[in-house]
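Right, one structure below, let's go through it.
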Amino acid sequence: MSSKTLMYILKRILLAILTVWIVITVTFFVMRAVPGGPFLGEKAITQEAMDALEAKYGMDKPLIEQYTTYLTDIVTRLDFGPSLKNRGRDVSAIIFDGFKTSIPLGVSAAFLALVTGVVLGAVAALRRNKIIDKVIMVVTTAFVSMPSFIMGSLLLIVFTMTFPIFPANGTTTMGLVLPVITLALYPMAYITRLTRSSMLDVLGQDYIRTARAKGVAPGKIVFKHALKNSLIPVITYFGPMLAYIVTGSLVVEQIFAVPGIGRAFVSSITDRDYPMIMGTTIVLATLIVVMNLVSDILYKVVDPRINLE
Amino acid sequence: MKIKRMLALALALVMALAMAGCGNGDATDPTGAVAKNELAICLASEPDTLDPALNAALDGATMVIHLFSGLAKWDSDGKTVLPDLAEELPEGALNEDGTVTYTYTLKEGLLWSDGQPFTAGDIAFSWKRAAATETAADYGYMFEVVKGYPDDLAVEATDDRTLVVTLNNAVNYWNELLAFPTYMPVREDVVANEGWATDPSTYVCNGPYAITAWAHDSLITLTKNENYHDAASVTMPTIKCYLSDDDNNMLANFKNGDWQLIDNVPADEIPALKTSYPDEFQTIGQLGTYFICWNVNESVLPADSTLTGAEKAAAEAEIRQALALVLDRNYIVESLSQAGEIPASSFVGLGLTDFDGSQFYQNAGHSEEFDGYFDVNDVEGNFAKAVEILKKYYAFDEATQTFTGGPTFTYIYNTDSVHQAIAEYVQGAFQSVGVTIQLENQEWNTFLNTRNNGDFSVSRHGWVADYNDPITFLDMWVSNSGNNDAQLGKGAHKDLAVYSIDLTPYGYDVVVENGTWAETYDKTISVIKSCTDAETRYALMHYAEDLLMSTGCIAPIYYYTDLYMLNSSVNGFFVNPLGYKYFMYTTVE
């Protein structure tokens, strides 16, 4: 790796830290500006109890002081603080528990999408305008345009109720099969279409024609020359997609009762669980920033002509 | 051919990846065969807390009563309260200063789930902790009947088996309080660890069950606690409490037999479920009322009205009462909410009993012909009455028989399909009497904030009692109550002196003519709270509800019901009047 590349990566890491800091700052002040609070409920607690709670969680101090304390805790101890909603639990423990399910689920779905997407896309490109290409295009168009709650509900009804092959709750291994498929369908369809168009583009290039003229075996042309170069758009898409899919899909988690991190994101906001909002936001922001960086570096691996400086 | 092989290979790879990637866990039998020594239920999503002092949720309460045992417990008929840790529930001894002292003797040989001996001191510690300001428990106020509340509670253990507690005055629902989750005991050394109630390894309890596994947001496993003093009567060895709040997912798990009880169903499935699962689909009363709440400080008069002071207040009360008559509650429960709710004509909900054991709501109002303050079944009569009243205040075109130029209000409700359907119905109904309603849908927490601050004209509201006593519906409307969303006795209404009370027929020398809300309503409530004669107390509570309803700020819609689905193979299940579900005495066929 050249020193220029190293410099580039270092620059990107610094930029990433800056981005995450901006996200922290904006989220911190915006969430506190939203009406409501963590200790509001259908039944109001007394003012004394409210004061005691605010003092306990340091919310009685000036906002700017709370902000600096929060930043210091994050930087020095990686401490996200206690959840205000799930009393007695730390935000980091809740996020960790969520990821125990979300990471296997998201990674499985992402790789399922990647493998099937690339294969189907390549097949469609190689059999352009043949019946198999048309079938793949129709099916992927349907999957791209179908929201996951419809697909999820459909799979739930068919495979847990009409034909009870899988359990309906995602607390067991078998219970995660349907959520994986639901999560994978959209990115799979998208990757198929990306691969197809990119592959068609590559197959028309001069170097492919040269390879053919040289008498290189068709299989080698496809795998060694065409496929690798058609993957650049897929890589661009795959990095952030993986981050999003791992940090959870609220809809899929709801439908299949999967104990992932996605629900924590949304419920933290409705509950005004401030430390939880911050924790989940920081984790998502970091993941996306890192994934983008990884995609950028992967470009160079796939296509050495790309200059990272 | 090659392509086919490639596809087959890819598919195999994909399946392998999907399987390999999904963490460890037990496979569930998808055929749904019910294991006889285990019950699978789903009440709600992850409980906010399972610390009995801090819990404020109904699903949490059900969990707590399976994990803890207090001085008293509900009987399996779901109606009476029996001694649990206490050998008996004695009558209190009246002291000279009007306070009442109870002395309880604990059963012998009581143990915590970790085998340590249980003492009366544990109870005294737990009660003081739950009531203390510092603990900031939502239900800390459940101890307000105890002398010295909140920070100097008059409860002490005179020895390991004797507990002495002094109440401010006689309270006829005291035994029910002893069975309430907030009154359940915890141990001092256990709760010193702040996270004790989130991890099975640190969770020490004394009830029928102990937590043996807790996969957060997923599953809590309760296993019979052999150290429980009445373990012999517990028939269900294991309860698996799945944590989910998705109605559709719950229903799928119920239908395929994986779960034997689900505590909610999708609203749009209710009519179909009633016919397809007549034995499994259950509804019970829930001690609660759904109502429309008016902000007393927002005028309901037309903009050009010149009324002021007492006349204005009287006119506004009359208009609000008239608008409540415009609504067809039977239509709302049958076509909109559809969960078997009961149309309401009073504020204090269904299931709260009166002095003589009858329903409090049936004795509300003063009509011989119907229950409550109006006849929910006389829709046309009510509408005609409303029109006659509103004609006095709103412009009415006799030729077209329509109201013209009525006021415009914003009706707020929190995001929910049933609340929205009711809001739209209210909008249409009020339009027919010339009142324009704009609907504003707010996210839950924002909604609570808006309503609590009184930044609204009219709002959807609901209230569910904590215990079977009408006072829980009535004391929320005193001037300084945090739940007084109608703003009675607050803001401009604070100085409005138009209310009168006369409590002499009840044996109290209290007569107020044209007093403020604080001088009348608050006074009545404080008299009720210190009243020791049960019959008089109930009569006074009817009196207070009359005063409340006279403001027109509360337009009752329906009495809440709790609906759930229970697999017909389960026997021995019951629900108490507060809606806690009991699974410990169940068996599965």
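The analysis underlying the following values was restricted to heavy atoms, covering all of them including side chains, and did not include hydrogens, waters or symmetry mates. Predicted, not measured: the structure shown is a model, and the values here were computed from it. Chain letters run A, B, ... following the sequence lines, proteins first and then strands; every chain starts at 1.
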Minimum heavy-atom separation for [X] and [Y], please, with both atom names.
{"X": "B/Asn449", "Y": "A/Pro35", "result": "ND2-CB, 3.4 Å"}
{"X": "A/Pro259", "Y": "B/Asp217", "result": "CB-O, 3.2 Å"}
{"X": "A/Arg272", "Y": "B/Thr446", "result": "NH2-OG1, 2.9 Å"}
{"X": "B/Gly482", "Y": "A/Ala44", "result": "O-CB, 3.3 Å"}

Between [X] and chain B, with a heavy-atom cut-off of 4.5 Å, which part of the residue counts as in contact: side chain, backbone, both or neither?
{"X": "A/Leu156", "value": "side chain"}
{"X": "A/Ile269", "value": "backbone"}
{"X": "A/Asp97", "value": "side chain"}

Contacting region of [X] [heavy-atom separation from chain A under 4.5 Å]:
{"X": "B/Glu194", "result": "both"}
{"X": "B/Asp466", "result": "both"}
{"X": "B/Trp463", "result": "side chain"}
{"X": "B/Tyr139", "result": "side chain"}
{"X": "B/Pro47", "result": "backbone"}
{"X": "B/Thr135", "result": "backbone"}
{"X": "B/Leu243", "result": "backbone"}
{"X": "B/Leu448", "result": "both"}

How long is the gap from [atom1] on [X] to [atom2] on [Y], to the nearest 0.5 Å?
{"X": "A/Glu253", "Y": "B/Ser244", "atom1": "CD", "atom2": "OG", "answer": "11.0 Å"}
{"X": "B/Tyr141", "Y": "A/Lys43", "atom1": "OH", "atom2": "NZ", "answer": "5.0 Å"}
{"X": "A/Leu40", "Y": "B/Trp444", "atom1": "CG", "atom2": "CH2", "answer": "9.5 Å"}

Who wins among [options] for the most heavy-atom pairs under 4.5 Å with chain A?
{"options": "B/Leu54, B/Leu219, B/Asp51", "result": "B/Leu54"}
{"options": "B/Ala215, B/Ser218, B/Gly195", "result": "B/Ser218"}
{"options": "B/Asp245, B/Thr450, B/Asn249, B/Asn248", "result": "B/Asn249"}

For this session: Please assess B/Asp246 against A/Phe256 for the test side chain to side chain contact (heavy atoms under 4.5 Å, CB included), listing each intermediate value before the final yes or no.
Result: CA-CA 8 Å; B/Asp246 188 85; A/Phe256 295 102; over 6 Å; no
Counting heavy-atom pairs closer than 4.5 Å to chain B, which one of [options] comes out on top?
{"options": "A/Met50, A/Lys85, A/Lys56", "value": "A/Lys85"}
{"options": "A/Leu53, A/Ile255, A/Val258", "value": "A/Ile255"}
{"options": "A/Gly98, A/Gly37, A/Gly175", "value": "A/Gly37"}
{"options": "A/Gly88, A/Pro82, A/Ala52, A/Ser153", "value": "A/Gly88"}

Exercise. Does the side chain of B/Glu46 come within less than 4.5 Å of A/Asn86's, by heavy atoms?
Worked result: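 The answer is yes, as the side chains (C-beta and beyond) meet within the 4.5 Å cut-off.
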For this session: Compare all side-chain heavy atoms of B/Asp138 with those of A/Ile45 and state whether any distance is below 4.5 angstrom.
Result: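 Yes, close enough: below the 4.5 Å cut-off.
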For this session: Answer yes or no: does atom CD of A/Glu54 have more than 12 heavy-atom neighbours from other residues, nucleotides or ligands under 6.0 Å?
Result: yes
For this session: Using a cut-off of 6.0 Å, state whether more than 12 heavy atoms not belonging to B/Tyr277 lie near its atom OH.
Result: yes
Exercise. Residues in side chain to side chain contact (heavy atoms under 4.5 Å, CB included) with A/Ser92, at least two apart?
Worked result: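 Partners of A/Ser92 by the side chain to side chain contact (heavy atoms under 4.5 Å, CB included) criterion, ordered by chain and then number, come out as A/Phe80, A/Asp90.
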Problem set entry | B/Asp258, B/Asn256, B/Asn253 screened by side-chain contact (heavy atoms from CB on, under 4.5 Å) with A/Thr160, the one that passes | B/Asn256
For this session: Give a yes or no on whether a salt bridge exists between B/Asp199 and A/Arg89, defined as a side-chain N under 4.0 angstrom from a carboxylate O.
Result: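 Salt bridge flag = no for A/Arg89 with B/Asp199.
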